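Encoded as structure tokens, the structure appears first; notes follow it.
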Amino acid sequence: MISVTNRTYIHYLACVLFVLTCAQLTFLSPYIVVVENERANVFSGLLCALTVLVAVLSTPKNSIRLRRPEIIVTLILIILAAASAATSSTPASSGWRAFTIMSSAIGGYWSSRLLLQSVKLRMAFAYLCLALMICTIFLFFLGLFLHREGYRFLDVGYHAISSRIVVMSFAPLAMIASCRAFQRNLAIGVLVLGYITLVALLLWCGVSTGPVIPILLLFLGSVFLWRIPRIRRFILAAIILSVMVAATFSVAIVNDLPKDSQSVAYRIENVFFSTHIAIKHPFLGIGPFAPREEFLQDYNVKYPHLDNDRFRNMTLVVRTSENLPLTIMAEFGLPFTFIYLATVMYFVFFLIKLAGNTPVGFYPHPLALLLPVVGLVIQFQIFDGIYHPQISWFFHVLLGLCFLDKTNVESTPTCQINVSSI
């Protein structure tokens, strides 16, 4: 039995570990190879698992309102992921990959649920994300300037940097809803810098979807905010400007992505190929990151701008579907895919409802959660987001912030936006 004093110390340790985990996942430093010749980021996975374990130990019973469905879904997903890895043709490698995926996803969600049920701690987390977002932007441009590789100081590719900007935009969005002018002005400035970073990712790094997603989110946000007279003119001007910008980006994207490019051809073909794999292994899939070559033997390419040999070479290098729903369908099976995607969509619709009728004292404003979550859901159609703990952790932390127990709600210096009349 853990005493109250010891539990308090453990809680402080859990909060410190949570901050360290967020920092390590943002910069992927330090990066320690735990398993030789294993591509999964096992070290980050272990850090996520340790954080949530300490969070569980530090949380007194009945201190938060646990909901039975979230516990049941968590257990089912863990069991299905473990079974999928165990039945894979490469059980050791798939096991480490499944561990990393689930520890960052489950760890992010439950660390958020257990540690961020205080409004003050949620505000502190927003400041932490704002600082991490500023650092990410700075390191991206530093890498671009020094090495012509914006990911040099952050990651091994560009899509994860784009996703970082989208998910961390939660922080400036939360502060824009604040009644404090300094917070609001700082947040707007960081949000603008984030968008400039996404534009740079398009112009110099080829990440075409980056600038488009915020434009779509602006339209989504305007649905909720249109009825507020004092910002209606701003929204209208922003929409007009966004339409012009979106048209420009559309031309750039079409010119940048010919039909036979690997980025386009591989993703389109995997709609058919992932379905082909799922039909053969519908219940548990083939295991995360398992080889796919054997499934090419009785498969013919459907996309007219791609041939069998070229697709085989692509599959040997990429190994996933470059689309989260398709990837988990092929590698974890249909039950896992249905439960996970249904859970994510539940949170999306829950946030939409919450944004339409926000409880007094709820922090952050639900739109600050809804917009980044929807943004990542959109990007997951071309990026296996939860396979990267540096994205999965923050995404699931935001899902955990959807719930704030009424007994813990404190008065906050935020402007409550009433959109219940929509």
Side-chain angles (χ1 to χ4, degrees), residues 10 13-36 38-59 70-86 88 90-116 125 155-156 160 163-164 167 284-285 287-290 320 324 327-328 331-333 336-337 339-340 343-344 347 376 380 383-401:
I10 296 175
L13 176 61
C15 291
V16 171
L17 280 173
F18 180 82
V19 173
L20 292 177
T21 301
C22 289
Q24 196 277 335
L25 291 171
T26 300
F27 309 116
L28 292 185
S29 179
Y31 188 95
I32 300 174
V33 177
V34 178
V35 182
E36 291 291 339
E38 176 55 54
R39 291 178 60 179
N41 188 353
V42 179
F43 176 73
S44 293
L46 289 171
L47 195 57
C48 295
L50 177 62
T51 301
V52 72
L53 176 62
V54 177
V56 170
L57 293 175
S58 69
T59 304
E70 61 183 336
I71 298 174
I72 294 174
V73 168
T74 297
L75 293 175
I76 291 176
L77 290 179
I78 290 174
I79 292 171
L80 289 175
S84 176
S88 169
T90 54
S93 179
S94 292
W96 285 118
R97 179 70 63 168
F99 168 77
T100 303
I101 292 170
M102 298 307 294
S103 63
S104 59
I106 301 299
Y109 177 80
W110 281 106
S111 293
S112 175
R113 288 285 285 117
L114 298 174
L115 299 177
L116 300 181
F125 176 64
D155 217 304
V156 294
S163 294
R164 278 179 177 85
V167 72
L284 295 176
F289 220 65
T320 66
L324 183 61
T327 296
I328 60 177
E331 298 188 354
F332 283 98
F336 183 100
T337 303
I339 293 171
Y340 178 75
T343 302
V344 171
F347 280 110
L376 280 187
F380 286 166
F383 178 58
D384 304 303
I386 69 168
Y387 274 49
H388 301 257
Q390 61 269 40
I391 305 305
S392 179
W393 170 269
F394 287 100
F395 175 69
H396 291 92
V397 165
L398 294 191
L399 295 184
L401 292 177

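Predicted, not measured: the structure shown is a model, and the values here were computed from it.
Leu28 is listed as a side-chain neighbour of Ser44, based on a closest heavy-atom distance under 4.5 Å. Ile328 places a side-chain heavy atom less than 4.5 Å from the side chain of Tyr387. With a 4.5 Å cut-off on side-chain heavy atoms, Leu25 and Cys48 count as touching. Ile391 places a side-chain heavy atom less than 4.5 Å from the side chain of Arg164. Contact of the Thr320 side chain with the Glu331 side chain is registered, since non-hydrogen atoms from C-beta on lie closer than 4.5 Å. Between Val344 and Phe395, some side-chain heavy-atom pair lies under the 4.5 Å cut-off. When side chains are defined from C-beta on, Thr26 counts as touching Phe394, because their heavy atoms get closer than 4.5 Å. The closest side-chain heavy-atom distance from Leu46 to Phe99 is below 4.5 Å.
A distance of 13.5 Å separates CD of Gln390 from OG1 of Thr21, quoted to the nearest 0.5 Å. From Leu57, atom CG reaches atom CG of Leu53 across 5.0 Å, with rounding to the nearest 0.5 Å. Once rounded to the nearest 0.5 Å, the distance linking CG of Leu114 with SG of Cys15 reads 10.5 Å. A distance of 11.0 Å separates CG of Leu75 from CD of Glu70, quoted to the nearest 0.5 Å. Rounded to the nearest 0.5 Å, atoms CG (Leu77) and OG (Ser84) are 12.0 Å apart. Note that OG1 of Thr327 and CZ of Phe380 are 11.5 Å apart. Values are rounded to the nearest 0.5 Å.
Two rings, from Phe18 and Phe125, have their centers less than 6.0 Å apart.
Residues Gly108 and Val397 approach most closely at O-CG2, 3.3 Å, considering heavy atoms. In this structure, Ala81 and Ala98 approach most closely via the heavy-atom pair O-CB, 4.1 Å. When all heavy atoms of Pro91 and Ala86 are compared, the closest pair comes out as CB-O, 4.0 Å. Heavy-atom minimum distance, Ser104 versus Ile386: OG-O, 4.4 Å. Taking both residues in full, the closest heavy atoms of Ala14 and Ser58 are given as CB-OG, 3.9 Å, listed atom of the first, atom of the second, then distance. Taking each heavy atom of Ser111 and Thr51 in turn, the nearest pair found is OG-CG2, 3.8 Å.
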Stepwise side chain to side chain donor-acceptor pair (under 3.5 Å) test for Trp110 and Thr74:
CA-CA 9 Å; Trp110 281 106; Thr74 297; 3.0 Å; yes
Would Val52 and Tyr109 count as a side chain to side chain contact (heavy atoms under 4.5 Å, CB included) if you check the C-alpha gap in whole Å, the side-chain angles of each, and the deciding distance to 0.1 Å?
CA-CA 9 Å; Val52 72; Tyr109 177 80; over 6 Å; no
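A donor-acceptor pair is defined here as one N or O able to donate and one able to accept, closer than 3.5 Å; such a pair exists between the side chain of Gln24 and the backbone of Pro30. Remark: the backbone N or O of Ala49 is not paired with any side-chain donor or acceptor of Ser103 at under 3.5 angstrom. Although no hydrogens or angles enter the test, the distance criterion places a donor-acceptor pair under 3.5 Å between the side chain of Thr343 and the main chain of Ile339.
Between Phe336 and Tyr340, the ring planes lie parallel to each other; the angle is under 30°, not in the 30° to 60° tilted range.
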